[in-house]
Amino acid sequence: MAENRLKPDIQELANRLEHVFTSPQLLEEALTHPSLAGFKQRRNGAMPYERMEFLGDRVLGLVIAEWLYRRYPDAKEGELAMRHTALVNRNALQAVALEIGLGKHVRLARGDELTGERKDISTLSDAMEAVIGAIYLDGGLKPAQDFIHRYWQKDVAIEIAPADPKTALQEWAQGRGLPLPDYRDIRHYGPAHAPRFVIAAHVKGFPAAEAEGETKRSAQKAAAALLLQQLEGIGKP
């Protein structure tokens, strides 16, 4: 059978993924860290996982977006954006990577082995996205969706929306060494008893996102949530 072509340790991971790979080299590639980019993989020709990570990020984003859309039919766009950001960020990916024991299967250059790269949040989250990309390439959307549904179920089911998007956006910027986000008043309109405010949220180096609300605070939150969604879509700088 195709899965017998996987090494025993990687087969252990495949069992956790609950997917039988018809093209085992895809999983091998998903586990090949960019630190090996300068080396010819003599045994199987595996390339580093960066391209597969790119694909997996988009597959995860689509599956989570549709899932939230269907599960919370009364949620507004801002709440959906907050939930989506919380479910596809590095912390969420790291949590699933740890749950399935992904770190020990990632193939690293010796120098990165010594620096503890296997436990680094960026390595774990990037490799997790690459594995999702590998499942998608091997079997299509359905097995990738099944995997995501199994391991993200408990977080999607949380009835209370994630933390304030302004706080989440601030953490996103600080985590990348960027200045704090700023919020700019664009305009306001409407009668005095029912005003509407339009606010733009901005993080240095990225396009701003505009949103509106009944108060400046609500408009800032909505703008922060939309900007977070845009930033996750752009990818990790």
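Because only heavy atoms are used, hydrogens play no part in the values below, and waters and symmetry mates are left out as well, while side chains stay in.
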Visitor: Among all residues two or more places apart in sequence or in another chain, which pass the side-chain hydrogen bond (donor to acceptor under 3.5 Å, both in side chains) test with E12?
Guide: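 Here the qualifying residues are K104.
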Visitor: Would you say that I199 contacts D185 through its side chain, given a criterion of any heavy-atom pair below 4.5 Å between the two side chains?
Guide: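 Yes, their side chains come closer than 4.5 Å.
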Visitor: State the CD1-CG distance between I10 and L27, to the nearest 0.5 angstrom.
Guide: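 Going from CD1 on I10 over to CG on L27, the span is 6.0 Å.
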Visitor: Going by the rule side-chain hydrogen bond (donor to acceptor under 3.5 Å, both in side chains), which residues pair with R70 if we only count those two or more places apart in sequence or in a different chain?
Guide: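 Checked R70 against side-chain hydrogen bond (donor to acceptor under 3.5 Å, both in side chains); matches are E66.
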Visitor: Within this structure, what is the CG-CD distance for the pair D182 and Q220, rounded to the nearest 0.5 Å?
Guide: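 Rounded to the nearest 0.5 Å, the CG-CD separation comes out at 10.5 Å.
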Visitor: For T22, does its backbone N or O pair with a side-chain atom of D138 as donor and acceptor, under 3.5 Å?
Guide: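 Yes: the side chain of D138 pairs with the backbone of T22.
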Visitor: Is any side-chain heavy atom of D57 less than 4.5 Å from a side-chain heavy atom of I132?
Guide: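 No, side chains not in contact.
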Visitor: Let's go through R51 and E29 carefully: what are the C-alpha distance in whole Å and the side-chain angles of both, what is the deciding distance for salt bridge (charged side-chain N to carboxylate O under 4.0 Å, His left out) to 0.1 Å, and is it a yes or a no?
Guide: CA-CA 10 Å; R51 282 168 50 83; E29 182 176 334; 5.6 Å; no
Visitor: Taking all heavy atoms of H105 and all of L31, pick out the closest pair and write down the distance.
Guide: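 Residues H105 and L31, closest heavy atoms: O-CB, 3.7 Å.
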Visitor: Taking C-beta and beyond as the side chain, do L124 and V106 meet within less than 4.5 Å on heavy atoms?
Guide: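 They are not in side-chain contact.
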Visitor: For P143 versus H19, what's the shortest heavy-atom pair and its separation?
Guide: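 It is CB-ND1, 3.8 Å.
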Visitor: Any side-chain heavy atom of L169 within less than 4.5 Å of one from L231?
Guide: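 Yes, side chains in contact.
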Visitor: What distance do Q94 atom CD and L102 atom CG have between them, rounded to the nearest 0.5 Å?
Guide: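 Reported to 0.5 Å precision, the distance equals 11.0 Å.
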Visitor: Which distance, rounded to the nearest 0.5 Å, do you find between the CD of E129 and the CG of L93?
Guide: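 E129 CD to L93 CG: 5.0 Å, rounded to 0.5 Å.
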Visitor: Taking R16 for its side chain and E99 for its backbone only, find out whether a donor-acceptor pair lies under 3.5 Å.
Guide: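 Yes; at least one donor-acceptor contact below 3.5 Å.
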Visitor: Can you pull the ring-ring contact (aromatic ring centres under 6.0 Å, His included) pairs that have at least one residue in residues 127-152, sequence neighbours excluded?
Guide: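 Applying ring-ring contact (aromatic ring centres under 6.0 Å, His included) to every pair that reaches into residues 127-152, excluding sequence neighbours, yields W67-H149, F147-Y151.
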Visitor: So does L17 get a backbone contact from the side chain of R150, meaning a donor-acceptor N/O pair under 3.5 Å?
Guide: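 Confirmed, R150 side chain pairs with L17 backbone.
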Visitor: Report whether L141 and V88 are members of the same hydrophobic cluster (ILVMFWY, side-chain heavy atoms less than 4.5 Å apart, transitive linking).
Guide: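 In one cluster with L141: V88, yes.
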Visitor: Once ring pair (Phe, Tyr, Trp, His ring centres under 6.0 Å) is applied, do any residues pair with H202, and if so which ones, sequence neighbours excluded?
Guide: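 For H202 there are no ring pair (Phe, Tyr, Trp, His ring centres under 6.0 Å) partners, ignoring immediate neighbours.
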Visitor: Do W172 and L227 come within less than 4.5 Å of each other through their side chains, counting heavy atoms only?
Guide: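 Counting from C-beta outward, W172 and L227 never come under 4.5 Å.
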Visitor: Looking only at heavy atoms, which two atoms of A134 and A30 are closest? And how far apart?
Guide: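 Answer, listing the atom of A134 first, then A30: CB-CB, 3.9 Å.
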Visitor: Identify the two heavy atoms, one from A168 and one from L228, that lie closest to each other, and give their separation to 0.1 Å.
Guide: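 Taking A168 first and L228 second, the nearest heavy atoms are CB-CD1, 3.7 Å.
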Visitor: Got more than 12 heavy atoms from elsewhere within 6.0 Å of NZ, K154?
Guide: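 Check passes, neighbour count above 12.
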Visitor: Should L62 and L55 be regarded as members of a common hydrophobic cluster, given that ILVMFWY residues are connected when their side-chain heavy atoms come within less than 4.5 Å of each other, either directly or indirectly?
Guide: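 L62 and L55: separate clusters.
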Visitor: With K142, which residues qualify under side-chain hydrogen bond (donor to acceptor under 3.5 Å, both in side chains), at least two apart?
Guide: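 Scan of K142 (side-chain hydrogen bond (donor to acceptor under 3.5 Å, both in side chains), adjacent residues dropped) gives D146.
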Visitor: Drop me the distance from D126's CG to E53's CD, to the nearest 0.5 angstrom.
Guide: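 Nearest 0.5 Å value for the CG-CD distance: 3.5 Å.
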Visitor: Do you know the tightest heavy-atom contact between A201 and A224?
Guide: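 Looking at all heavy atoms of both residues, the closest pair is CB-N, 4.0 Å.
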Visitor: Please evaluate residues E77 and L226 with respect to the criterion side-chain contact (heavy atoms from CB on, under 4.5 Å), reporting the C-alpha separation (whole Å), side-chain torsions for both, the decisive distance (0.1 Å), and the verdict.
Guide: CA-CA 8 Å; E77 181 182 10; L226 289 176; 3.4 Å; yes
Visitor: Would a 4.5 Å heavy-atom cut-off, applied to side chains only, mark Q230 and F206 as touching?
Guide: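 No, every pair of side-chain atoms sits at 4.5 Å or beyond.
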Visitor: State, yes or no, whether a side-chain contact exists between Q229 and L80 at a heavy-atom distance under 4.5 Å.
Guide: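 With C-beta onward as the side chain, the pair stays apart.
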Visitor: Can you tell me if E214 has over 12 outside heavy atoms packed within less than 6.0 Å of its CD?
Guide: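 No, CD of E214 has 12 or fewer neighbouring heavy atoms, counting only those of other groups under 6.0 Å.
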Visitor: Taking side-chain hydrogen bond (donor to acceptor under 3.5 Å, both in side chains) as the definition, give me every residue that meets it alongside D155, ordered by chain and number, with sequence neighbours left out.
Guide: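 With sequence neighbours excluded, D155 shows a side-chain hydrogen bond (donor to acceptor under 3.5 Å, both in side chains) to no residue whatsoever.
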Visitor: Mind checking the CD1-CD1 spacing from I148 to I135? Nearest 0.5 Å is all I need.
Guide: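 Answer for the CD1-CD1 pair, I148 versus I135, is 8.0 Å.
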Visitor: Counting neighbours of CZ on R217 that are heavy atoms of other residues, nucleotides or ligands and sit closer than 6.0 Å, is the number greater than 12?
Guide: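 No, the 6.0 Å shell around CZ holds no more than 12 heavy atoms from other groups.
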Visitor: Treating H84 as the side-chain partner and I64 as the backbone partner, does any N or O pair qualify as donor plus acceptor under 3.5 Å?
Guide: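 Not at all, since once roles are kept as given, no pair shorter than 3.5 Å links the two residues.
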Visitor: What are the two closest non-hydrogen atoms of A223 and A211, and how far apart are they?
Guide: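 Closest approach of A223 to A211, heavy atoms only: N-CB, 3.4 Å.
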Visitor: Is any side-chain heavy atom of H33 less than 4.5 Å from a side-chain heavy atom of Y49?
Guide: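 Yes, close enough: below the 4.5 Å cut-off.
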Visitor: Indicate, with yes or no, if M52 and I100 share a hydrophobic cluster defined by side-chain heavy-atom contacts under 4.5 Å among Ile, Leu, Val, Met, Phe, Trp and Tyr.
Guide: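 Yes, same cluster.
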